[in-house]
Amino acid sequence: MTSRDLVLGRLRAALAAGGPADPVPVPRDYRRAADADLDQLTQRLTDYRAHVHRVTEAGVADAIADIVPAGGTVVVPSGLAPTWLPPTVTALPDDGLDHARIGAADGVVTAAAVAIAQTGTVVLDGSPDQGRRVLSLLPDLHVCVVRADQVVATVPEALQRLTPHRPLTWISGPSATSDIELIRVEGVHGPRRLHILLLP
């Protein structure tokens, strides 16, 4: 008897037994931390080669002016706070822009849905201040504004805040991959530079 015969025999026996058994209950008592640690989030993101800037709401525009070259163009989702954009950059509202125009921009500025301190992950959910998923993939630079009250400690806490049917994009540092010799290459399937503006 071959391994194939053995596997198929077991499948036939299981099907003949009257179908699948009742679902087994899955425990949901995941470990959760009481307080999110902004320093831990900063450290994790920095480990992943993201640049983290601790700024106030009033300082967002100045921080973006320091990141995006003067005269640069940034794609912005429709619901982004206009006060976040400095006068030194040109805002290109995403009103259905094609991929070529998005990719040709100097960067994109978005908000976030939630950030996870333990994993150094920022999650976008396609809300009006975050826009379409393609905005976080094509430009070489992504500037993402995260408020302290959006930071949670663990993944289960983040999942409680997210809506499963929304288009979720999980970001842990700039886009990176490596070849067979483990040489890191950045910007292959997303932005090469990621700047997180962390608000109090």
Handout entry: Verdict with reasoning, T169 to V123, per side chain to side chain contact (heavy atoms under 4.5 Å, CB included)
Key = CA-CA 6 Å; T169 303; V123 185; over 6 Å; no
Problem - V68 side chain near L141 side chain, heavy-atom distance below 4.5 Å - result: yes
Exercise for the section: Could you tell me whether R54 and D39 make a salt bridge, using a distance below 4.0 angstrom between a side-chain N and a carboxylate O? Expected result: yes
Practice task
Supply the atom-to-atom distance S78 OG to R132 CZ, rounded to the nearest 0.5 angstrom.
Solution key: 10.5 Å
Completion exercise
The reported gap from CG in L8 to OG1 in T2 (rounded to nearest 0.5 angstrom) is 8.0 Å
Problem - R101 atom CZ, neighbour heavy-atom count above 12 within 6.0 Å - result: no
Practice task
Verify, without hydrogens or angle tests, whether Q150 (side chain) and A112 (backbone) share a donor-acceptor contact under 3.5 angstrom.
Solution key: yes
Handout entry: Close side-chain approach of P139 and V108, heavy atoms under 4.5 Å
Key = yes
Problem - Spacing of CG belonging to L11 relative to CG belonging to L15, to within rounding of 0.5 Å - result: 6.5 Å
Handout entry: Under 3.5 Å donor-acceptor, D106 side chain and T73 backbone
Key = yes
Problem - V134 side chain near I102 side chain, heavy-atom distance below 4.5 Å - result: yes
Practice task
Would you please say whether a donor-acceptor pair under 3.5 Å links the side chains of S127 and D125?
Solution key: yes
Practice task
Would you give the length of the straight line joining atom CZ of R133 to atom CG of L138, rounded to the nearest 0.5 angstrom?
Solution key: 10.5 Å
Exercise for the section: Write down the atom of P174, the atom of R49, and the distance for their closest heavy-atom approach. Expected result: CG-O, 3.4 Å
Fill in the blank from the handout: Tested for side chain to side chain contact (heavy atoms under 4.5 Å, CB included) against C144, the lone hit among V122, L198, I171, V109 is V122
Handout entry: Polar side chain donor-acceptor pair, S172 to T121, under 3.5 angstrom
Key = yes
Completion exercise
Minimal heavy-atom distance between T56 and P200, with the atoms involved, is CA-CD, 3.9 Å
Exercise for the section: Apply the test ring pair (Phe, Tyr, Trp, His ring centres under 6.0 Å) to residues H195 and H53: give CA-CA distance (whole Å), side-chain angles for both, the deciding distance (0.1 Å), then the verdict. Expected result: CA-CA 7 Å; H195 288 258; H53 311 265; 5.1 Å; yes
Fill in the blank from the handout: Shortest non-hydrogen pair, D37 vs A117, comes out as O-CB, 3.5 Å
Handout entry: R44 side chain to Q118 backbone, donor-acceptor under 3.5 Å
Key = yes
Handout entry: P156: side chain to side chain contact (heavy atoms under 4.5 Å, CB included) partners, not counting sequence neighbours
Key = Y30, R32, T154
Exercise for the section: Report the distance from atom CZ of R147 to atom CG of L197, rounding to the nearest 0.5 Å. Expected result: 11.5 Å
Problem - Pairwise distance CG(D94) to CG(L80) - rounded to 0.5 angstrom - result: 11.5 Å
Practice task
Evaluate the side chain to side chain contact (heavy atoms under 4.5 Å, CB included) criterion for residues S136 and L124: first the C-alpha distance (whole Å), next the side-chain angles of each, then the deciding distance (0.1 Å), finally the verdict.
Solution key: CA-CA 9 Å; S136 67; L124 311 182; 3.9 Å; yes
Handout entry: Reference residue L85; test side chain to side chain contact (heavy atoms under 4.5 Å, CB included); the match among V60, T90, V76
Key = V76
Practice task
Decide yes or no on side chain to side chain contact (heavy atoms under 4.5 Å, CB included) for L92 and V74, but give the supporting numbers first.
Solution key: CA-CA 6 Å; L92 187 60; V74 293; over 6 Å; no
